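Worksheet: the structure to be examined is printed underneath.
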Amino acid sequence: MQSISRFTARAVTLAAAAGATVALAGGPASAAGFWANACQDGRACIVLAHGAGPGGAYWNIDGCKHHPIHDYYKSALAQGNAFYVNYANGKWDYVGPWTGRPLDSGNLVTSVDVLC
C-alpha cells in the first residue's frame, strides 16, 4: 500500500504544478481559449482593458457554453455566434453575431456565455 500512497502524493504534486503553470500562462479563469493579436473566425473574443495576455490582447473563446472569466475588458467581437458578457454587478452586454461593441471596462467580467 505504501507505493500507492507515494504514487498518489506524486500525482497530487504534479497536478498542483500543472495548475500553477496554467495560472501563470495568463488565461482567464477556466475559460477555454487562447490569447492572440486578433479575433479569429468563428470565435467569441474579448479585449483586455489594460495591457495584453502572453499572445496578444484578444482572448479567443473556444466552444458554445458558459465560460468563467475574472478580469476587465474594453470591447467584444463576435466572429460568428452571439454571446453575453456578464459582470460582477449582475449586468450584462449582448454581442450579436458578426458584430462588435464596447464593454464597461470599469466593471469586472465574471463570465461569457457563447450561444449556439
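Worth saying up front: this structure is predicted, and the values here are computed from it rather than measured. Both backbone and side-chain heavy atoms feed into the values below; hydrogens, waters and symmetry mates do not. Position 1 is the first residue of the sequence; numbering continues from there.
The minimum heavy-atom distance linking Gln79 with Gln40 is given by the pair CB-O, 3.3 Å. Closest non-hydrogen pair, Val85 versus Ala76, comes out as CG2-CB, 4.5 Å. The shortest non-hydrogen separation linking Ala52 to Ala57 is CB-N, 3.7 Å.
Between the OH atom in Tyr72 and the CG atom in Leu108 there is a gap of 4.5 Å [rounded to 0.5 Å]. For the atom pair CG of Asn60 and SG of Cys45, the computed distance is 3.5 Å after rounding to the nearest 0.5 Å. Expressed to the nearest 0.5 Å, how far CG of Leu48 lies from OG of Ser75 amounts to 9.5 Å. In this structure, Leu115 CG and Lys65 NZ are separated by 14.5 Å, a value rounded to the nearest 0.5 Å. The structure places NZ of Lys91 at 14.0 Å from OG1 of Thr110, a figure rounded to the nearest 0.5 Å. Atom CZ of Phe83 is separated from atom OH of Tyr94 by 10.0 Å, given to the nearest 0.5 angstrom.
The closest side-chain heavy-atom distance from Pro97 to Asn81 is not below 4.5 Å.
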### Task
Could you check Tyr87 against Val109 for side-chain contact (heavy atoms from CB on, under 4.5 Å), going step by step and ending with a plain yes or no?
CA-CA 4 Å; Tyr87 299 103; Val109 173; 3.8 Å; yes
### Task
Kindly indicate, with the supporting measurements, whether the criterion side-chain contact (heavy atoms from CB on, under 4.5 Å) is fulfilled by Trp35 and Tyr58.
CA-CA 6 Å; Trp35 291 109; Tyr58 289 80; 5.8 Å; no
### Leu77 vs Val95, side-chain contact (heavy atoms from CB on, under 4.5 Å): CA-CA, chis, key distance, verdict
CA-CA 7 Å; Leu77 183 61; Val95 185; over 6 Å; no
### Task
Let me see the working for Leu103 and Lys74 under side-chain contact (heavy atoms from CB on, under 4.5 Å), right down to the final yes or no.
CA-CA 5 Å; Leu103 298 176; Lys74 65 181 176 183; 5.9 Å; no
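Checked by atom type, the side-chain pair Ser111/Asn86 shows a donor-acceptor distance below 3.5 Å.
Between Arg101 and Asp93 there is a salt bridge, with a side-chain nitrogen of the basic residue lying less than 4.0 Å from a carboxylate oxygen of the acidic one.
Tyr73 places no side-chain N or O within 3.5 Å of a backbone atom of Asp104 that could act as its donor or acceptor partner.
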